[in-house]
Amino acid sequence: MCAVALAIIAAMSPALAGAQTSLRDLSIEELMSLDAGMVFGASERLQPVTEAPASVTFITAQEIARFGYRSLADILRSVRGMYITDDRNFSYVGIRGFGKPGDYNSRILLLINGHRVNDNIFGQAEIGPEFGLDPAMFDRVEIIRGPASSLYGDSAFFAVVNVITRSGASLNGGSVTLEAGTLGTQLVRTSAGHQLANGVDVAVSGTFAQSDGVRRLYFPAYDTPATNNGIAQGLDGEGVKQLYGRLTFKGLDVTGAYGTRRRDVPTASVGSLFNEQKWREQTTDRHTLVDALYGRSIRGTRLTLRGSYDQFSFDATYPQAVEPAGSPAHVGLIAGLGTRWSGSMGLTRAFRGHQTLRTGVELIANVNQNQRAQFVGDPAPFLDTDRSSRQTAVYGQHEIKLSRAVIVNGGLRYDRYAAFQRLTPRAALIVQPSPTQSLKYLYGNAFRAPNESELNEAYVGERVRLLRPESIDTHEVVWERYAYGRVRTAVSAYWYKADRLISAIPDDSTLTGTSYINEGQVRAKGLEFEAQVRLRGDARTVVSYAVQSAVDRQSDLALPNSPRHVVKGRISLPGPTAGSFMSVEGLYLSSRGTLAGQRVPGHALLSLHVVQSLGRSWELFGGAQNLFDDKYLDPVSSQHRQDSIEQNGRTARIGLTWKYWQP
């Protein structure tokens with residue numbers, strides 16, 4: 001795949017020959033197509049990506065539409081160095097060799113328009129349909145690699161993913177989309193947006209989707225006559241509802257979203273009965289978000305004020321076996337409610353000597369961090385915790401342009417929790433030998449605080465009172481080069497050490513039979529390469545390759561679910577009529593280890609998406625994923641009897657969109 005893309009680049013070189021174009025001469029659209037636009041999440045202010053103290057990737061709304069991405073997980077799967085694992089309930093992101101099965105993505109910070117959306121019970125960044133926001137409403141996604149706790153605090157461990165949503169001006173009208181596909185997939189989406197003459201900008205959307213899933217799933221770990229010979233029937237369905245709204249006027253920007261996802265789980269995790277039809281294993285997740293951001297400039301100082309409300313709730317059903325085996329007399333019901341109010345204030349000011357200072361304070365009030373568990377028919381819960389907590393923080397980020405070619409950037413943040421305090425730094429040296437090149441040395445420290453689930457003494461005993469934050473130190477060198485206004489190449493080499501990782505250990509004195517301690521240590525290094533080319537017309541291609549090594553220091557073995565090689569490529573070509581495109585995407589992951597010490601083979605996937613314009617108002621689209629029906633497995637967590645779980649084969653869908661454009 002890389003060879004093909006490099007051949008394309010080589011073939012295009014004569015056509016691109018001539019004097020190199022300065023980045024300053026490119027339009028914003030051209031810059032964005034080359035990952036060289038303006039980024040917000042790297043420093044909590046807009047700045048050129050070439051000057052940002054991080055390695056940054058953009059995925060734009062145009063790319064989302066062209067490649068038919070249906071979830072944030074699909075988007076991140078296309079990003080250099082990242083890989084996605086699915087246990088047929090949740091999607092998990094791996095990055096730079098670290099993809100611990102079942103870790104709930106708590107080492108990735110997820111933002112919507114700069115606002116934290118990781119929940120306050122598991123610290124989870126939900127990236128599948130459970131995320132609660134339709135990718136059709138994404139304007140772009142910023143992927144900011146490396147530690148960023150000096151700016152954002154908890155969970156900004158390996159990366160920050162900032163989803164920037166669409167405005168009314170970008171929608172500029174209304175649309176209705178109908179979609180159907182294999183596995184009983186159906187989707188209805190409607191959206192509308194417009195910027196009024198008085199400056200008020202409004203965008204709204206609603207999405208309803210459902211899928212029957214794979215009707216017959218075979219799991220060798222359950223291949224006995226008592227468990228239907230390992231076949232789970234009709235237990236892979238999913239239903240999704242998503243609502244979104246955004247209002248901006250002058251300096252005020254208000255975003256609201258609500259999403260719910262119900263998922264049937266066919267894997268019989270956490271000791272559930274296999275193929276139970278009456279009391280299905282099922283999870284339901286709900287997210288509510290209201291975020292208000294106000295900004296204005298006062299005598300050269302940019303002031304921002306933010307207030308937000310988040311609510312996360314979930315419930316799950318687990319049919320449990322009893323003696324003698326047969327009827328699921330014990331059906332476990334587990335539920336949680338996480339409610340959070342947060343407020344922040346930030347100041348940004350430019351000083352003489354080409355200096356920019358960003359300072360801020362933040363308060364997070366976790367009003368509810370409640371968990372409850374009981375059996376059906378038993379009014380008395382065996383777990384019922386009502387907890388709350390508070391976090392405060394203050395931070396500063398300082399950038400100095402020593403010359404036109406040299407930038408020094410540093411940051412420091414202080415976080416205060418009830419049980420600990422944390423000080424996290426970041427530093428960067430950025431050298432631009434020419435307007436088309438950037439060389440960065442990046443250092444960052446970050447932490448992940450023990451989440452409320454890990455601190456739940458009713459589940460895991462009093463030992464967890466001793467838990468302290470995980471820590472990571474990362475060194476990285478990034479080189480970027482832009483040529484002829486059409487070609488971007490990037491190389492990144494990194495090394496990190498992660499200490500005091502929170503790990504589960506056997507503990508017979510606890511309700512769950514496990515407890516948590518700070519004992520994990522990981523050392524990792526890697527090299528990433530990416531090339532991006534805008535071809536003739538509106539065609540473009542991207543290829544990337546990552547080689548990585550992440551080792552557990554205690555066992556001196558490679559981490560589970562850590563592929564040595566990750567290769568990706570995608571190309572989008574315009575069709576014969578205006579507004580038509582054909583897009584192809586390929587992915588290769590090398591073999592990965594499982595928690596039981598086995599290995600799942602490497603696999604290659606190919607996807608195709610076609611968009612055909614039918615005039616000004618109509619658009620027909622369709623696509624297929626896993627085009628060659630490759631059979632592949634993902635490693636899963638110890639909550640499963642299975643060591644790895646087979647993923648979907650070839651799937652396809654087709655849809656029609658009607659659009660109304662505002663004059």
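With sequence neighbours excluded, the residues forming a ring-ring contact (aromatic ring centres under 6.0 Å, His included) with H475 are Y443, W495, listed by chain and number. Taking S167 as the reference, nothing meets the side-chain hydrogen bond (donor to acceptor under 3.5 Å, both in side chains) condition, with sequence neighbours excluded. Considering only residues two or more places apart in sequence or on other chains, R650 meets the side-chain hydrogen bond (donor to acceptor under 3.5 Å, both in side chains) condition with none of them. Looking at residues two or more places apart in sequence or on another chain, you find no ring-ring contact (aromatic ring centres under 6.0 Å, His included) involving F581. Under the side-chain contact (heavy atoms from CB on, under 4.5 Å) criterion, Q62 pairs with T60, R66, D538, R540, not counting sequence neighbours. Among residues two or more places apart in sequence or in another chain, the side-chain contact (heavy atoms from CB on, under 4.5 Å) test is passed with R564 by V547, S549, S590. Here S591 pairs with R599 under the side-chain hydrogen bond (donor to acceptor under 3.5 Å, both in side chains) rule; sequence neighbours left out. Remark: L111 engages L109, R116, Y152, V160, N162 in a side-chain contact (heavy atoms from CB on, under 4.5 Å) (not counting sequence neighbours). Residues satisfying the side-chain hydrogen bond (donor to acceptor under 3.5 Å, both in side chains) criterion with Q242, sequence neighbours excluded, are absent altogether. Every side-chain contact (heavy atoms from CB on, under 4.5 Å) that R358 has, sequence neighbours left out, goes to E44, T304, T348, Y395, Q397. For the salt bridge (Lys or Arg N to Asp or Glu O under 4.0 Å) test, residues two or more places apart in sequence or in another chain that qualify with R96 are E476, E528. For F67, the ring-ring contact (aromatic ring centres under 6.0 Å, His included) criterion is met by Y69, not counting sequence neighbours.
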